[in-house]
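Nothing fancy with the numbering, it's 1 onward along the sequence. As the structure is a prediction and not an experimental result, all values here were calculated from the model.
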Amino acid sequence: MQEEAPTGSYRRAARRAQVRRRRFAALGLLALLAIGVGVAMMARGGSSHPAATPTLDIQPFSTAAETFPAPQPGTGKVVFNGPESADRVALTFDDGSCADCIASVLAELERTKTPATLFPNGAYAKFWDPNAAEVRKLVASGLVDLGNHTWSHNDVRSESVTVLKDELQRNEEWMQVNFGGSSYPLFRPPFGTYNDAAVRRAGKWGWTTTVTWSAGSRDWEGLSADQIVAELHTSVKPGAIILLHPNYQTTVAALPRVIQDIQAKGLQPVTLRALLGM
């Protein structure tokens, strides 16, 4: 079958389509040339029509970092309790090897508006991290204060100068970053054990007050909540420094009654710095 020859109208349409294609090709070439000229001018630092700079709503980024008082080196001293002339006591909490216990202790302190001083170890960071925001909030409010219990919770009597300094400084930096507070000048040696050299060295580095306690809860011995309450009922007197640990659920269970018993004796819980007049 023979192919049909194109009609006149078809040929005219084909010519018009060909012209349009040529025009589009020419326009495309001109556009490419214009882009090339513009790029070349920008490379030389010039422009025939500078573009207007858009107005951006950019908020300034604050680079201000938290600052803390510089340590004040001095002669170290050991403190077991505060003044017995004032009806005040200090609740203190060491270590922190139980995240849920830490959370419960912080919640009870906030609920009852009871000031306290924490002596956390950085080695237990994984238990403190989930509670860091709450600690930071309470530190900022002044309800909670911080002291240095070293990073690793080792016996400081057997540590070299270099190791002890690193233990204290590392723990201090961790608390500053995570809790927004500083431990200076409070140092509590793990287990309450120390020697003259450790006290002297800590004082030289700014931890001039080595703190132990006068009212131990003995919660670390596995006492029940009732036994912890009874133990502290006997030993808490005006000026007492009370030792507890946010490591045990028995301590968590005892804490509300411990606070109530302190108040029933007409005593006021304060931070350790407040008790010692710092």
Side-chain angles (χ1 to χ4, degrees), residues 88-153 171 174-175 178-181 183 186 188 190-192 211-237 240-265 267-272 274-275:
R88 300 193 298 177
V89 298
L91 279 168
T92 65
F93 295 85
D94 288 9
D95 307 350
S97 59
C98 168
D100 289 342
C101 302
I102 294 170
S104 297
V105 166
L106 296 175
E108 184 64 16
L109 295 176
E110 185 172 26
R111 184 185 73 83
T112 58
K113 307 302 180 190
T114 302
T117 303
L118 307 178
F119 285 88
N121 301 101
Y124 297 130
K126 68 178 181 180
F127 303 111
W128 285 98
D129 286 350
N131 299 291
E134 183 67 13
V135 175
R136 179 179 282 271
K137 181 182 76 173
L138 297 181
V139 167
S141 73
L143 191 69
V144 164
D145 203 358
L146 300 171
N148 203 319
H149 201 37
T150 75
W151 177 270
S152 303
H153 202 280
N171 209 50
W174 169 68
M175 287 187 287
N178 288 279
F179 305 146
S183 65
L186 302 173
R188 174 170 280 163
F191 315 108
V211 183
T212 58
W213 58 88
S214 60
S217 63
R218 295 173 56 204
D219 55 358
W220 62 93
E221 295 180 12
L223 270 60
S224 68
D226 290 341
Q227 290 172 320
I228 292 171
V229 173
E231 181 71 23
L232 290 177
H233 177 77
T234 302
S235 57
V236 170
K237 298 175 174 59
I241 296 176
I242 304 164
L243 174 63
L244 293 145
H245 296 82
N247 304 347
Y248 317 106
Q249 289 295 343
T250 50
T251 302
V252 171
L255 184 57
R257 285 184 284 163
V258 169
I259 294 173
Q260 290 170 5
D261 193 51
I262 290 171
Q263 294 170 339
K265 291 182 176 183
L267 302 174
Q268 177 189 3
V270 296
T271 64
L272 198 48
L275 181 68

So how far is it from Ile259 CD1 to Leu91 CG, rounded to the nearest 0.5 Å?
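The CD1 atom of Ile259 sits 6.0 Å away from the CG atom of Leu91.
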Nearest 0.5 Å please: distance from the CG atom of Asn121 over to the CE atom of Met175.
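Asn121 CG to Met175 CE: 9.0 Å, rounded to 0.5 Å.
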Heavy-atom donor-acceptor pair, [X] side chain to [Y] backbone, under 3.5 Å:
X      : Y      : result
Arg188 : Thr92  : no
Asn247 : Gly96  : yes
Glu134 : Asn131 : no
Asp95  : His245 : no

Mutual orientation of the aromatic rings belonging to His153 and Tyr124 [parallel < 30°, tilted 30-60°, perpendicular > 60°]:
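Answer is tilted, since the angle falls between 30° and 60°.
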Under 3.5 Å, which donor-acceptor pairs do the side chains of residues 138-145 form with other protein atoms, sequence neighbours left out?
from	atom 1	to	atom 2	distance (Å)
Ser141	OG	Leu138	O	2.8
Ser141	OG	Leu143	N	3.3
Asp145	OD1	Arg273	NE	3.1
Asp145	OD2	Arg273	NE	2.3

Using the side-chain contact (heavy atoms from CB on, under 4.5 Å) rule, take Asp100 and Gln249 through it: C-alpha gap first, then chi angles, then the decisive distance, then the call.
CA-CA 8 Å; Asp100 289 342; Gln249 289 295 343; 4.0 Å; yes
Can you tell me if Asn171 and His149 form a side-chain donor-acceptor pair at under 3.5 Å?
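Checked: Asn171/His149 side chains show no N/O donor-acceptor pair below 3.5 Å.
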Beyond-backbone contact of [X] with [Y], side-chain heavy atoms, under 4.5 angstrom:
X      : Y      : result
Asp94  : Trp220 : no
Thr117 : Ile241 : no
Gln227 : Glu221 : no
Ile242 : Ile262 : yes

For a side-chain contact (heavy atoms from CB on, under 4.5 Å) check, start with the C-alpha distance between Lys265 and Asp261, then their side-chain angles and the critical distance, and finish with the verdict.
CA-CA 6 Å; Lys265 291 182 176 183; Asp261 193 51; 3.7 Å; yes
